[in-house]
Amino acid sequence: MEAGVNEAELHDETAPEIEILFEDDDIVVIHKPAGLLVHRSYLARRERFFAMQMTRDKVGCHVFPVHRLDRPTSGILLFAKSSEMANNLCEQFSAKTVEKQYLAIVRGNMHEADTLDYALKVELDDHGDKDVDPNKAAQEAVTSYQPLLNTEIPFPSGRYATSRYAMVKLIPHTGRKHQLRRHMAHLRHPIVGDTTHGDGKQNKFFREHFAINRLWLIAKSLAFDHPRSGERITIETELEKEWLTLFEAFGWDDEVLASETSTLIV
């Protein structure tokens, strides 16, 4: 039991909200809130809520995960309603025909769009990856990034008198563990709220100044071929209210952001 948490509090915990963005006889797409695990795992024995089980209960049938989002990442999550449809979608992910677009808040101002091709070593878990060779060669990892908005606010979050941040559009072309978080850290623009690869001073400043504790990364849109009809489907989700709170503090106009994010990087 974690310090400061008793069993009664765990049982009184309120279930997070999941929103169904699209559903038909074959697939269901939800908006996963930050902090919710996709499915049960040996690392989450104390957890009560999981996106997969909550989606199953909401739609009334078993669902099959075809991709994943890290626990602290919010946004679009796709499930299939049969193993046949799941296999088709998994093949699309493997063939890299699925288009994924994320938004992130990062440390520092950014002005140039580019594509980072920077191989990543496998991040090993002490339990789940105990049989994986720690000397395995780094794997190809490619991410396109495009700055959308910049800001400088008159509050110190480190050694400088002001703090600078950027809203960045991210498109991963490969699917390595923590790829976006590690790539942005490599560019010296870590995603705010990343406790593994990020900037501890910036994370603390955000928690204390804005009273919001989360990873500022959201899976904003997903495009794929419907596994039965073949029709190209694009699903988009809205930013959570925490983002709008931040926009107001940063002086950003969400209508400007909407126009900026309407076009994918090609």
Side-chain angles (χ1 to χ4, degrees), residues 5 7-94 97-104 128 172 175 177 180 193 212-245 254 258 261:
V5 178
E7 192 167 345
E9 288 174 331
L10 287 176
H11 287 302
D12 290 340
E13 184 182 355
T14 302
E17 291 285 336
I18 64 169
E19 178 188 358
I20 294 180
L21 303 174
F22 178 89
E23 182 186 6
D24 63 13
D25 291 339
D26 300 304
I27 60 175
V28 56
V29 185
I30 70 162
H31 180 110
K32 183 189 85 68
L36 181 64
L37 286 162
V38 173
H39 50 68
R40 297 181 187 277
S41 79
Y42 65 92
L43 290 175
R45 288 186 289 270
R46 294 192 183 96
E47 296 297 322
R48 295 181 57 208
F49 304 109
F50 305 89
M52 182 175 166
Q53 284 75 18
M54 293 178 69
T55 303
R56 175 199 64 196
D57 294 344
K58 206 170 182 82
V59 302
C61 68
H62 187 70
V63 295
F64 298 77
V66 296
H67 70 126
R68 66 186 299 274
L69 292 178
D70 291 337
R71 178 177 186 167
T73 304
S74 66
I76 295 175
L77 188 61
L78 168 65
F79 294 99
K81 290 186 175 181
S82 69
S83 58
E84 177 189 4
M85 297 296 106
N87 289 337
N88 178 292
L89 290 166
C90 287
E91 288 175 359
Q92 292 186 48
F93 277 94
S94 296
T97 59
V98 176
E99 298 174 82
K100 296 174 284 185
Q101 178 176 279
Y102 293 73
L103 293 179
K177 184 177 180 180
L180 299 181
I212 303 172
N213 183 20
R214 63 160 295 163
L215 174 69
W216 291 92
L217 177 66
I218 182 173
K220 190 68 169 58
S221 72
L222 187 73
F224 56 93
D225 295 333
H226 191 282
R228 186 177 299 277
S229 69
E231 177 188 1
R232 191 67 172 175
I233 293 178
T234 300
I235 307 292
E236 295 193 32
T237 191
E238 298 297 322
L239 295 172
E240 299 100 350
K241 62 182 180 180
E242 299 101 320
W243 294 77
L244 304 183
T245 298
D254 56 344
T261 58

To the nearest 0.5 angstrom, please state how far the [atom1] atom of [X] sits from the [atom2] atom of [Y].
X	Y	atom1	atom2	result
E242	I212	CD	CD1	6.0 Å
I233	F22	CD1	CZ	4.0 Å
H31	I20	NE2	CD1	13.5 Å
L37	L69	CG	CG	11.5 Å
C61	D25	SG	CG	9.5 Å

Using the rule given for side-chain contact (heavy atoms from CB on, under 4.5 Å), can you reason through M54 versus L36, listing the C-alpha separation, both sets of side-chain angles and the distance that settles it, and then say yes or no? CA-CA 10 Å; M54 293 178 69; L36 181 64; 4.1 Å; yes
Nearest heavy atoms of [X] and [Y], plus distance in Å:
X	Y	answer
P33	I18	CD-CG2, 4.0 Å
P172	L180	CB-CD2, 4.0 Å
W243	A104	CH2-CA, 4.3 Å
T55	A51	OG1-O, 2.7 Å

Between T97 and Q92 (side chain of the first, backbone of the second, donor and acceptor by atom type, cut-off under 3.5 Å), is there such a pair?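 It does hold such a pair.
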Measure from the side-chain N and O atoms of K32 to the backbone N and O of T73, and report whether any donor-acceptor pair falls under 3.5 Å.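 Side chain of K32 to backbone of T73, a donor-acceptor pair under 3.5 Å: yes, one is there.
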Under the ring-ring contact (aromatic ring centres under 6.0 Å, His included) test, which residues partner H67, sequence neighbours left out? F93
Can you confirm whether [X] sits close enough to [Y] that some side-chain heavy atom of one is under 4.5 Å from a side-chain heavy atom of the other?
X	Y	value
H62	M52	yes
I218	T237	yes
E240	R214	yes
F224	I235	yes

Derivation and outcome, side-chain contact (heavy atoms from CB on, under 4.5 Å), residues I27 and L89: CA-CA 10 Å; I27 60 175; L89 290 166; 3.9 Å; yes
Show me the donor-acceptor pairs within less than 3.5 Å that the side chains of residues 75-84 make with the rest of the protein, sequence neighbours left out.
unit_1	atom_1	unit_2	atom_2	d
K81	NZ	E23	OE2	2.7
K81	NZ	D24	O	2.8
S82	OG	M85	N	3.2

Just to verify, what does R56 make a salt bridge (charged side-chain N to carboxylate O under 4.0 Å, His left out) with, not counting sequence neighbours?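 For R56 there are no salt bridge (charged side-chain N to carboxylate O under 4.0 Å, His left out) partners, ignoring immediate neighbours.
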